[in-house]
Amino acid sequence: MSFIQFQRNEEAARVIASYYETPPLLFVHSYGCQQNVNDGEKIKGVLTDIGFGLAARPEDADLIVFNTCAVREHAEQRVFGNVGALKGLKEANPKLLIAVSGCMAQQKDVVEKFRRHYPFVDIVFGVNGIDTFPALLCEKLAAKKRVLRMPSKREEIVEDMPLRRDSAFRAWLPIMYGCDNFCSYCIVPYVRGRERSRKSVNILREFHELVDAGYRDITLLGQNVNSYGKGLAEDIDFARLLRTLDAVPGDYRIRFMTSHPKDATPALIDAIAESEHISRHLHLPVQSGSNRILKEMNRHYTAEEYLALIDYAKRRMPEMTYSSDIIVGFPGETEEDFCATEALIRRVEYMQLFTFIYSKRTGTRAAEMPDPTPHKEKTQRIARVLALQEQVVAKLGGAMVGKTVRALVEGAGREEGTRTARLDNNMTVDFTGDIPEGRFADVRVTGVRGAQLLGRLA
Ligand code: SAH
Ligand code: SF4
Ligand code: F3S
């Protein structure tokens, strides 16, 4: 594993200053997961570092970047649609530059499609090219021709990239990159590359900076945070990293995602239970409740093992809440398999579920599996999950009424005059009262509407 230090591109700063009369404006839109959102913050950081300002709307920008996601077909379609819609802006302003980055740009056929069918896209680079973006931009400006990079397998970790965070109180902190799990349906290992962890000193330094800058809600990121530390020279694992970070004094909360159930251990649960700052919430994606399907998915755990860990966590922390991702309609999923998923959902009682219909990704193992279930049946199954989840959430929400909770204010609530705040267990409450965002408030829960808690300042 190798680590490199980010270097500001001085030449690019000079080129930008001489090419534009006034500082040019940048608009970045990130799709997909929090890793990608954090990458978007780095794209903004690297370009503001060489003289760009930020535009609030694409219409005002001199450079538009779409930082893309490839996880499901629907995500890709949306990007092609949104990029296509920029054609008009480009016609109105021929000096406008359009760039596409992120996970879609890690696929050769996608880069080829941009080359052939989207002539107004000027720059394409993948997830490992953010630090090289200023150089690509100079190349484009100097040569006046398109710079479409084919996906690179670069695997260094670039430390100290500048970044412009979207929020002043909530921050994403990547602790590792890539994924080695190759779940049979998933494109992520192909586009994000091999799993590699940051050194704990670098994580700790960034963590201190965040706490000192007043960040209240810090989420550690990785595709499988439980395998943090593998391949590092130091002797560390995720539970120990959590304990080290939790020891940093301050008024803040730590969250993390994603935990892969195959590597989640009682030691992780103990680290949460014994911590001062770690959220009492676990996002532990189960994907399916059927052991046969879990095997086909290459997930390396059974429903029973998964439930045993949840039971242990429930015993240690009765106040803990859970969330999960569910894939409905994986190739060959029968009614019986699906019923096993419903049974598991009933048993765990998730506070939040992210449910997806299986989407075929070319190049993955599942793409080769026979998939006889009609799409209509899959949409009926997903509707059944959503209906079940509504019942579960109503029950969990009802149990909160009457309690007084500490919650971090995130902004305006849905109704006029209300604010919305996030509880330690990741539920949200809309309350009456006037506390600025980024502050903790004590809220008395007075009711619940759907999944939304309602309350007033205690
Ligand atoms: N590393 C994380 C998840 C990353 S992708 C984990 O292992 O949990 C986020 C979610 O997208 C996955 O949990 C899965 O539920 C869903 N997903 C991934 N590939 C998919 C596909 N081909 N079709 C449908 N859903 C998919
Ligand atoms: Fe995809 Fe599985 Fe890796 Fe998650 S753990 S990113 S689902 S391959
Ligand atoms: Fe999407 Fe890439 Fe994240 S495929 S979910 S943006 S890792």
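Side chains included, hydrogens not; waters and symmetry mates left out as well; all remaining heavy atoms used. Remember, it's 1-based here, ligands and their atoms both numbered in the order they're listed.
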* **Atoms of ligand 3 close to Arg192 [distance to a heavy atom under 4.0 angstrom, numbered from 1]** =>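 Every atom of ligand 3 under 4.0 Å from some heavy atom of Arg192: 2 (Fe), 7 (S).
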* Asked: Given Ile187, Ile326, Val71, which one has a non-hydrogen atom that is nearest to atom 5 (S) of ligand 1?
  ->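 The option holding the nearest heavy atom is Val71.
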Counting non-hydrogen protein atoms only, what is the nearest one to [atom]? Give residue, atom name and distance.
atom	result
atom 7 (S) of ligand 2	Tyr185 OH, 3.4 Å
atom 1 (Fe) of ligand 3	Cys69 SG, 2.4 Å
atom 2 (Fe) of ligand 3	Cys103 SG, 2.2 Å
atom 11 (O) of ligand 1	Arg72 NH1, 3.0 Å
atom 23 (N) of ligand 1	Ser359 N, 2.9 Å
atom 6 (S) of ligand 3	Asn36 CG, 3.5 Å
atom 4 (S) of ligand 3	Ala70 N, 3.2 Å
atom 3 (Fe) of ligand 3	Cys33 SG, 2.3 Å
atom 3 (Fe) of ligand 2	Cys179 SG, 2.3 Å
atom 5 (S) of ligand 2	Asn181 ND2, 3.4 Å
atom 14 (C) of ligand 1	Gln287 OE1, 3.5 Å
atom 3 (C) of ligand 1	Gln223 OE1, 3.9 Å
atom 8 (S) of ligand 2	Cys183 N, 3.3 Å

Where ligand 2 meets [X] - atom numbers and elements under 4.0 angstrom, heavy-atom basis:
X	answer
His260	5 (S)
Pro189	8 (S)
Phe182	8 (S)
Arg299	2 (Fe), 7 (S)
Val188	6 (S)

Using a strict threshold of under 4.0 Å (side-chain N to carboxylate O), is an ion pair present between [Y] and [X]?
X	Y	result
Asp122	Arg146	no
Arg154	Glu156	yes
Glu139	Arg149	yes
Arg422	Glu410	yes
Lys262	Glu305	no
Arg381	Glu377	yes
Arg198	Glu159	yes

* Residue-ligand contact Gln223/ligand 3, heavy atom below 4.0 Å ->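 Gln223: in contact with ligand 3 (<4.0 Å).
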* Asked: Is Gln35 near ligand 3, meaning one of its heavy atoms is under 4.0 Å from it?
  ->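 No, Gln35 has no heavy atoms under 4.0 Å from ligand 3.
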For ligand 1, which part of [X] has a heavy atom less than 4.0 Å away: the side chain, the backbone, both, or neither?
X	value
His283	neither
Ile357	backbone
Lys360	neither
Phe356	side chain

* Just by distance, with hydrogens left out, do Ser323 and His281 show a side-chain donor and acceptor under 3.5 Å apart? ->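 Indeed, the side chains of Ser323 and His281 share at least one donor-acceptor pair under 3.5 Å.
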* For Asp263 and Ser227, test the side chains for any donor-to-acceptor distance below 3.5 angstrom and give the result as yes or no. =>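 No, Ser227 and Asp263 have no side-chain donor paired with an acceptor closer than 3.5 Å.
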* To do: Kindly say whether the aromatic ring centers of Phe330 and Tyr358 come within a distance under 6.0 Å.
  =>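 Yes, they do, as the ring centres are separated by less than 6.0 Å.
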* Confirm or rule out an N/O/S atom of Cys186, from backbone or side chain, lying less than 2.8 Å from atom 2 (Fe) of ligand 2. =>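 Of the N, O and S atoms in Cys186, none lies under 2.8 Å from atom 2 (Fe) of ligand 2, which means no.
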* Any cation-pi pair here, Lys113 with Phe80, using under 6.0 Å and within 45°? ->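 Checked: cation-pi criterion met.
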* Contact check: Asp325 vs ligand 1, nitrogen or oxygen atoms, below 3.5 angstrom ->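 The answer is yes, given that Asp325 and ligand 1 share an N or O pair closer than 3.5 Å.
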* Heteroatom proximity flag, Tyr185 to ligand 1, N/O under 3.5 Å ->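 For ligand 1, there is an N or O atom that lies under 3.5 Å from one belonging to Tyr185.
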